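One structure is given here, and the rest of the page talks about it.
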Amino acid sequence: MTDNGGTTKDERAEGGAADGEVEDYAILPPVASPDAYSVAEDGSLKITASPRGVLANDNDPASKPLTAAENQGNGA
């Protein structure tokens with residue numbers, strides 16, 4: 001079994017229960033909030049990585065780090 005974080009186990013479910021009870025934990029996906037930017041015609045847009053760039057308003061309920069990748073598309 002693999003969680004959405006790419007590990008082979010859920011780090012929140014450690015150890016066994018003496019009475020055989022099985023603990024269930026919901027694995028919640030990261031929450032992405034929309035970003036909006038504008039630029040003048042023929043201009044260029046640069047989004048700085050400080051403090052977190054496009055991830056500034058996004059979060060992960062499990063507090064795992066989020067990363068962003070550049071899309072090489074034309075944005076159309």
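The structure displayed is predicted, hence computed values, not measured ones.
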**Q.** Minimum-distance pair of heavy atoms, taken over all atoms of P61 and P30
**A.** CD-CA, 4.0 Å

Q | Partner set under side-chain contact (heavy atoms from CB on, under 4.5 Å) for S63, not counting sequence neighbours | A | none

(Q) I need the L45 CG to S38 OG distance, nearest 0.5 Å. (A) 8.0 Å

**Q.** Nearest non-hydrogen partners of N57 and D35, listed with the distance
**A.** OD1-OD1, 3.1 Å

Q | Path from V39 to Y37 over hydrophobic side-chain contacts below 4.5 Å | A | yes

Q.
Using every non-hydrogen atom in the two residues, find where L66 and D60 come nearest and quote the distance to one decimal.
A. CD2-CB, 4.0 Å

Q. What heavy-atom pair brings A68 and V54 nearest, and what distance separates the two atoms?
A. CB-CG2, 4.0 Å

